[in-house]
Amino acid sequence: MILIRILSVFITLKTTVAYEEISFTLNSKFTNSTLVNHGTLLQKRSKHAESPLFEVEDQLEYFCSTNFFPSPLGGRIEGVWQKAFDKARKVIEKMSITEKVNLTTGTGWGSGPCVGNTGSVPRLGIPSFCLQDGPNGVRFTDFVTHFPSGLAAAATFNKGLMYLRGKAIGKEHRKKGVHIALGPVIGPMGLKAAAGRNWESFGADPYLQGVGGAATVEGMQDEGVIATARHLIGNEQEHFRQVGEWDQNGWDRLECSISSNIGDRAMHEVYLWPFANVVRAGVGSVMCAYNRVNNTYACENSNLLNNLLKSELSFQGFVVSDWGAQHSGVNSVISGLDMSMPGEVFDDWLTGKSYWGPLLTRAVYNGTVPQARLDDMAMRVLAPFFALKGVQLPTEDDVPNFSSWTHHTYGQEFPYQHYGPIVQKNWHVEARSEFSDNTALTVARESIVLLKNSGKNLPIDKGDGVRRLFISGQGAGPDPSGFNCKDQRCIDGVMTSGWGSAAVGNPFVITPYEAIAKKARERGIVVDYCSNNWDCETNADLADYADLSIVFVNSFSGEGYVYRENNFGDRQNLSLWHNGDDLIQKVADKCHKTVVVVSSTGPVNMEKWIEHENVVAVLFTAPLGQFVGQAIADVLFGDTNPSGKLPFTLARKKQHYVPVIDDLGGETDPQDNFDRDIYLDYRFFDKHNIKPRFEFGFGLSYTTFRVCNLKITEINPPSEYLPYPQEYLPLVKTVEDDVCDPEDALFPHEDFDPAPGFIYPYLYNENIRSVDDDDCYEFPRDYSPDQPCSPPLAGGGLGGNPALWEVLYEVSAEVRNEGKIKGGYVSQLYIEFPSTILASPPKVLRGFEKVFLEPGKSTKVYFNILHRDLSIWDPESQQWIIQTGTYKIYVASSSRKLELCGEIDIGC
């Protein structure tokens with residue numbers, strides 16, 4: 001029996017809570033067709049699914065990833081991907097071994113126009129595929145838009161806008177001739193507040209990350225470019241991600257990259273969760289991370305790639321390494337890696353040293369690597385071009401119109417190597433459009449979070465006595481070094497981005513000072529300005545005269561290869577940079593109306609000033625791109641009503657955050673045990689009843705809203721266990737190339753002039769002499785090339801078992817704007833699970849909808865609760881289970897402000 005009870009909590013942003021109880025019973029039970037017990041499931045599961053994700057000798061000390069072989073062949077599930085593989089198979093059957101290897105191996109750093117370039121197949125008219133960053137726009141080129149960051153997009157809580165942002169990013173990639181865009185980012189998950197790359201992804205919740213990632217993938221691929229979801233998995237800090245990246249603090253003694261040790265349940269319910277969304281959305285590519293996962297490098301982790309990604313999630317595209325994240329040759333092949341980028345061994349750029357290329361060709365000729373595996377790698381690279389609507393296999397004329405290595409119109413063919421004839425390198429194609437501008441500006445506006453507005457001093461109004469305005473802080477103006485320092489490592493001015501591979505060159509930047517001063521002048525307001533954060537005397541004097549002061553403060557971070565002010569990618573603390581806390585104090589001590597604007601790549605500590613009686617308003621912004629100043633000014637002056645919500649929790653104490661590991665303690669093999677398990681961010685605060693400063697999902701508005709009339713409707717009766725998925729489609733044998741004569745794989749002709757550092761697939765004569773050596777690689781004891789006939793219980797379809805994506809319940813509520821101005825409201829759905837089998841967090845996000853309402857208007861919001869939304873991962877039986885018991889359904893305005901409550905009782 002399923003009993004649904006609705007406890008309605010009617011509130012506005014200022015009212016107290018009142019309850020109304022409604023209860024009714026739905027006459028339904030678990031469906032019998034899928035009701036089986038654990039024992040039966042264990043007996044029928046394939047042998048591959050029986051072993052857990054990791055074996056633990058001492059969970060606090062050592063995690064060990066298990067093996068999973070073979071790498072599943074693509075094209076064995078019905079639908080568009082099966083047809084795509086049929087088309088890809090016909091293409092690769094015409095290819096030689098070296099041509100297939102060419103599709104899987106990068107040509108080397110700088111050996112092509114893009115940050116990543118595959119080899120080409122000229123005989124079939126297939127050019128080198130261009131892989132280019134990234135998630136916030138096209139990197140290393142001109143006349144493109146610098147879009148707001150992934151974290152900013154998450155703060156909008158607007159699914160439609162996330163899609164449009166992806167669409168605009170994809171459109172500009174295609175205009176530049178990019179084939180494979182390296183975005184979106186759905187890892188890091190935000191486990192660590194100080195992690196350097198949190199700004200690239202979609203916040204500190206797996207559901208939010210999954211929705212943001214899937215919407216972005218759909219938008220990008222609808223514009224004809226293949227998306228690449230990154231980073232799989234556990235890239236939760238930059239410190240120690242790569243051996244040899246830093247030679248300071250004794251880190252040069254590092255022997256292995258850091259190991260992210262993740263439990264089985266946390267892997268499924270948290271870190272893998274958003275990857276299921278993007279696979280379901282049809283993402284063409286997934287990038288494996290630098291770090292190790294349970295002590296095996298992510299790009300050669302057979303359990304991660306073969307089992308979780310390709311078997312459980314039925315991923316049909318190709319796995320590409322992060323740049324230099326490959327650490328082996330044959331081992332990475334059999335473990336599920338499909339493409340090596342940029343082709344070389346890490347930190348040996350331009351040497352031509354590669355784990356693949358000619359060595360992969362040799363491994364196929366001597367029988368070490370089965371040709372069926374190489375065929376699958378090549379088909380996985382080609383299949384997205386046939387499977388995705390609007391994406392086409394490029395021709396020889398469909399090539400990049402820019403160079404990542406020079407902005408000059410003409411230069412050497414290989415400018416990074418200073419080699420080759422002078423040719424045209426850049427066509428300076430205009431990729432921007434009115435659509436891009438509108439999308440970027442709208443995302444920036446909607447992402448701004450109003451955290452405090454005591455006395456309703458915002459929006460700024462001259463009629464409220466604001467005749468003299470003071471703008472304080474270097475974060476309001478340009479960096480003295482300009483807007484386009486290398487990799488956006490400019491940190492002495494307005495923040496548009498974090499630094500690293502996700503950074504984009506700014507075509508222009510509208511600074512906060514520029515935009516605010518313009519609006520102030522139009523209103524007849526006098527404007528003062530000081531950009532020196534350390535000149536406390538001048539700031540205090542100007543603040544003393546002002547009717548209202550606005551202080552701009554920043555906190556930066558980025559990718560691990562960049563070092564800024566003792567920050568190695570990750571932030572060394574959560575304090576504001578450049579004397580920001582002291583600046584706020586000095587200004588607020590003198591000005592009774594002080595507004596603080598915090599621009600940061602993640603959470604910051606606000607405790608030194610947040611309760612200052614003169615700090616009347618606080619805004620938080622993630623990196624907003626080129627329109628940063630205009631968006632902030634529009635919110636400050638009320639042209640835009642703020643509607644952003646925090647995509648993470650702001651704590652009161654630093655010990656409530658998970659720290660970044662930055663001290664090896666004499667060890668050379670760093671271990672990072674994810675002890676928070678499934679309790680990250682707001683889940684941890686809720687579990688331990690810790691009061692945050694500002695909770696996940698929090699954000700104020702200039703108007704007020706009322707929510708009422710909760711309704712829960714059963715769409716499909718829930719089943720405790722998943723049904724068995726359909727069997728794999730029969731294996732289709734590919735017509736294999738003749739590998740009898742290795743001389744067929746030599747360089748094409750004697751006068752071939754190889755470019756320096758360029759990675760070719762061809763054998764050298766010394767390769768031929770040793771091509772029969774078959775004892776150079778020892779296969780794992782449990783390796784088998786035999787493909788299974790059945791998917792695991794959790795698999796069988798894109799994103800997992802198709803039943804996981806069935807709608808079980810619809811939840812609706814009514815939202816009304818009771819204020820005086822138009823505003824956007826984010827209604828959030830949280831679910832509290834019973835603990836029949838395993839304990840769960842007090843509540844988890846399982847839906848959000850954003851609506852915009854004129855004053856006095858109302859509308860209904862609807863949420864679909866999927867089978868997966870009510871499921872937990874049971875490590876013992878290795879399956880998704882819906883527990884019996886009472887599920888509480890909350891409609892809320894934040895993770896701590898619950899407005900409506902209902903219950904679903906699920907019983908046998």
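The basis for the numbers below is simple: all heavy atoms, side chains too, and nothing from hydrogens, waters or symmetry mates.
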Out of curiosity, [X] [atom1] to [Y] [atom2], how far, rounded to the nearest 0.5 Å?
X: E200; Y: S557; atom1: CD; atom2: OG; value: 8.5 Å
X: I525; Y: L469; atom1: CD1; atom2: CG; value: 6.0 Å
X: L583; Y: N539; atom1: CG; atom2: CG; value: 5.0 Å
X: L646; Y: L450; atom1: CG; atom2: CG; value: 10.5 Å
X: E245; Y: H239; atom1: CD; atom2: NE2; value: 10.0 Å
X: T496; Y: F483; atom1: OG1; atom2: CZ; value: 8.5 Å

Do any N or O atoms from the side chain of [X] and from the backbone of [Y] form a donor-acceptor pair under 3.5 angstrom?
X: Y207; Y: R846; value: yes
X: N277; Y: A214; value: no
X: Y702; Y: V635; value: yes
X: E238; Y: G196; value: no
X: N533; Y: G580; value: no
X: R489; Y: R564; value: no
X: E446; Y: G644; value: no
X: Y657; Y: A651; value: yes
X: N567; Y: Q572; value: yes
X: K452; Y: I610; value: yes

Within a reach of under 6.0 Å around [atom1] of [X], are more than 12 heavy atoms found that belong to other residues, nucleotides or ligands?
X: Q655; atom1: CD; answer: yes
X: K159; atom1: NZ; answer: yes
X: K590; atom1: NZ; answer: no

Looking only at non-hydrogen atoms, find the nearest pair between [X] and [Y] and report the distance.
X: I516; Y: F552; answer: CD1-CZ, 3.5 Å
X: F470; Y: A546; answer: CB-CB, 3.6 Å
X: G203; Y: A154; answer: N-CB, 4.2 Å
X: P148; Y: A444; answer: CG-N, 3.8 Å
X: G134; Y: I169; answer: O-CG2, 3.9 Å
X: N198; Y: P188; answer: OD1-CG, 3.6 Å

Pairing donors with acceptors under 3.5 angstrom, does anything connect the side chains of [X] and [Y]?
X: S701; Y: N641; answer: yes
X: R896; Y: T649; answer: no
X: Q209; Y: D205; answer: no
X: S501; Y: E559; answer: yes

Original post:
What is the ring orientation for H656 with F684, classed by angle as parallel under 30°, tilted 30 to 60°, or perpendicular over 60°?
Top reply: tilted
Original post:
Should the pair F698 and F694 be assigned to parallel (<30°), tilted (30 to 60°) or perpendicular (>60°) ring geometry?
Top reply: parallel
Any side-chain heavy-atom pair from [X] and [Y] closer than 4.5 angstrom?
X: V185; Y: R197; value: no
X: N554; Y: H578; value: no
X: V598; Y: S555; value: no
X: L451; Y: M606; value: yes
X: Y830; Y: P842; value: no
X: D662; Y: F568; value: no
X: P603; Y: L650; value: yes
X: N291; Y: V293; value: yes

**OP:** Determine, step by step, whether D487 and Y561 satisfy the side chain to side chain contact (heavy atoms under 4.5 Å, CB included) criterion, reporting the C-alpha distance in whole Å, the side-chain angles of both residues, the deciding distance to 0.1 Å, and the verdict.
**Re:** CA-CA 10 Å; D487 294 324; Y561 68 88; 2.9 Å; yes
**OP:** Just do the side chain to side chain contact (heavy atoms under 4.5 Å, CB included) check on D672 and K192 with the steps written out, would you?
**Re:** CA-CA 12 Å; D672 188 6; K192 303 183 180 187; 2.6 Å; yes
Original post:
When you measure from the centre of the six-membered ring of Y679, is the NZ or CZ of K687 under 6.0 Å away and within 45° of the axis?
Top reply: yes
Under 4.0 Å between a side-chain nitrogen and a carboxylate oxygen: does that hold for [X] and [Y]?
X: R241; Y: D322; value: no
X: K456; Y: D461; value: no
X: D634; Y: K519; value: yes
X: K593; Y: D547; value: no
X: R693; Y: E611; value: yes
X: K843; Y: D686; value: yes

**OP:** Test side chain to side chain contact (heavy atoms under 4.5 Å, CB included) on L254 and Q242 and set out the steps.
**Re:** CA-CA 9 Å; L254 193 69; Q242 278 281 46; over 6 Å; no
Original post:
Could you give all pairs that pass the salt bridge (Lys or Arg N to Asp or Glu O under 4.0 Å) test and reach residues 567-584, with sequence neighbours left out?
Top reply: D582-K586
**OP:** Please report the C-alpha distance between F674 and Y271 in whole Å, then the side-chain angles of each, then the deciding distance to 0.1 Å, and finally whether the ring-ring contact (aromatic ring centres under 6.0 Å, His included) criterion is met.
**Re:** CA-CA 11 Å; F674 285 20; Y271 300 97; 5.4 Å; yes
**OP:** Run the numbers on Q828 and Y890 for side chain to side chain contact (heavy atoms under 4.5 Å, CB included), then give the verdict.
**Re:** CA-CA 8 Å; Q828 302 162 44; Y890 302 109; over 6 Å; no
**OP:** Check the pair W577 / F556 against ring-ring contact (aromatic ring centres under 6.0 Å, His included), numbers first and verdict last.
**Re:** CA-CA 8 Å; W577 286 35; F556 294 86; 5.5 Å; yes
Considering only distance and modelled atom types, tabulate donor-acceptor pairs under 3.5 Å from the side chains of residues 615-633, sequence neighbours left out.
{"from": "T621", "atom 1": "OG1", "to": "S599", "atom 2": "OG", "distance (Å)": "2.8"}
{"from": "Q626", "atom 1": "OE1", "to": "H146", "atom 2": "N", "distance (Å)": "2.9"}

